[in-house]
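Labels below follow one simple rule: chain letters A, B, ... track the order of the sequence lines, proteins then strands, and each chain is numbered from 1.
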Amino acid sequence: MKPGRKILVAAVAALLLVSLFYFPLRRKFSLHEGALINSGQSKRNAVIFFVNQDGKIVGRDTEIVSGATVLDDIKSLITQESLARAGGLLNAIPVGTAVRNVFIDENKCVYIDFERSIIDRHVGGTEGESLTLEALKRTMAENFPELDSMKLLVEGKELASLAGHISTRLKLKVK
Amino acid sequence: MKIKILLLLLVPVLLFPDHLKVMKVIIDAGHGGYDGGAVSDYGIREKDVTLEMALLLKKHIEGATEPPITAILTRSEDKFVPLIERVGLANKSEGDLFISLHMNASPTKRDSGFEVYFYDSTGDAETAAVAKRENEQDGSVENKDRNNPLFILWDLAQNEFSKESSGASDIIQSALDGALNRNADTTLKLRDRGVKQANFLVLNGMKMPSVLLEMGFLTNKNDEEKFKKQEFKERYAATIADAVREIRQKFDKKSAAGR
Ligand SMILES: [Zn+2]
């Protein structure tokens, strides 16, 4: 065997060996990612949450065109919740709140990364904060039952609280 | 030798029983400085109402109480004080009770009234998991999960006082219910929304019985109007001060029973 071919064989063998260890790990993640991918562009029924005039969280049915992944759907639902509503419904998520990014970790925790608008436009108060958190939790629980918890970020950074009251530093249970 | 030291340490406890000790109440005026908190439609800012109420409460708590009660403010002017510093100041001052004052806000203008909160971290997925593990273990330091982020254990500090915090919340709620909610005088009447629990940042790591009082809604016109009137604010602060005296009596009875 030529020395050049020997090196090639050794390299291929090494690659095979590495992939034996690597792929089981990768597969775990890719399986998880696979579960996030929507099959084709289809319409999907969902529930979004608002506050009624009596200060209670109420759900409203909606329909979305599924994006490429579940992450797109989450972003789309929160965006719908931050649009001003007619019919006496108020926003638990401040009007004009923008979501920068959504991702999910291997512990079924969804990270929602907001623009600063969620804190700048927040009404404040413990009740105001509770309603926002409740609406987000219920949006996740009703539409994405596979999720266990959520974590709020603002501009990519951990958020201590929405308006100085309830802690959002840790993952919040959604179930 | 160790026994002698222990006996020496016991002397002050024997000479000055708990019921004679000076109670220290830490009063926390919510928000401040660039953090204005909630704002009413007419521009009344939460940070100003909380500071005014904190100063009034201090006056009512310290006046004519024997043995005296000392009130320490986490801020006495319009400045921003980080929440962690408020916790630090309260713990360093070795307070016996922490009261954080806030004004509430809601997307609906109908929400009105006061609510009294104490700490609860069970909504946190991580804290709940650590608390569960800690409860399952025997509680000795050696058995605690050393890999937990310190802040989670810090969060659990207030859990040790949950019974006292709950008791203090009940007393404050009941006093305000009597003086305001059940008052026939409409200029004083304020809805009682009860005692609730939530995971407050300012109560994380607090090593004393603690409550957070949402005194009323700045987003509700009737509530807001009341907080413009001096008589209402004086009555409100005096009622909390009465509740604090009642809390002291309750704590004293408990520590006397424990001796
Ligand atoms: Zn506040």
Check: A:Glu127 and B:Phe217 side chains under 4.5 Å, non-hydrogen atoms: yes

Most chain A-contacting option - heavy-atom pairs closer than 4.5 Å, from B:Lys109, B:Arg193, B:His31: B:His31

Euclidean distance, B:Asn199 CG relative to A:Thr168 OG1, rounded to 0.5 Å: 9.5 Å

Chain B contact via A:Ile166 - which portion, at a heavy-atom distance below 4.5 Å: both

Max heavy-atom pair count under 4.5 Å with chain A, selected residue of B:Asp111, B:Val39, B:Asp35, B:Leu212: B:Asp111

Which of A:Thr126, A:Leu172, A:Val123 touches chain B most, by non-hydrogen pairs under 4.5 Å: A:Thr126

Partner set under ring pair (Phe, Tyr, Trp, His ring centres under 6.0 Å) for B:Tyr236, not counting sequence neighbours: B:Phe227, B:Phe232

Any side-chain heavy-atom pair of B:Asn204 and A:Arg169 under 4.5 Å: yes

Contact leader toward chain A among B:Met103, B:Glu115, B:Arg110, where contacts are heavy-atom pairs under 4.5 Å: B:Arg110

Heavy-atom contact with chain A under 4.5 Å, split by part of B:Leu218: neither

Neighbours of chain B found in residues 88-95 of chain A - heavy atoms under 4.5 Å: A:Leu90, A:Asn91

Proximity breakdown for B:Ser100 and chain A, heavy-atom pairs closer than 4.5 Å: neither

Those residues that, when tested against A:Ser149, pass side chain to side chain contact (heavy atoms under 4.5 Å, CB included) (two or more places apart): A:Cys109, A:Lys171, B:Ala125

Per-residue contact mode, A:Ala160 against chain B (heavy atom under 4.5 angstrom): both

Option in B:Gly30, B:Pro107, B:Ala38, B:Gly37 with maximal non-hydrogen atom pairs under 4.5 Å from chain A: B:Pro107

B:Lys228 atom NZ, neighbour heavy-atom count above 12 within 6.0 Å: yes

Under 4.5 Å from a heavy atom of chain A, the part of B:Asn104 involved: both

Residues of residues 46-56 of chain A within contact distance of chain B, non-hydrogen under 4.5 Å: A:Val51, A:Asn52, A:Gln53, A:Asp54, A:Gly55

Taking every non-hydrogen atom, the tightest pair across A:Gly164 and B:Leu83: O-CD1, 3.8 Å

Within 6.0 angstrom of B:Lys233 NZ, more than 12 heavy atoms from elsewhere: yes

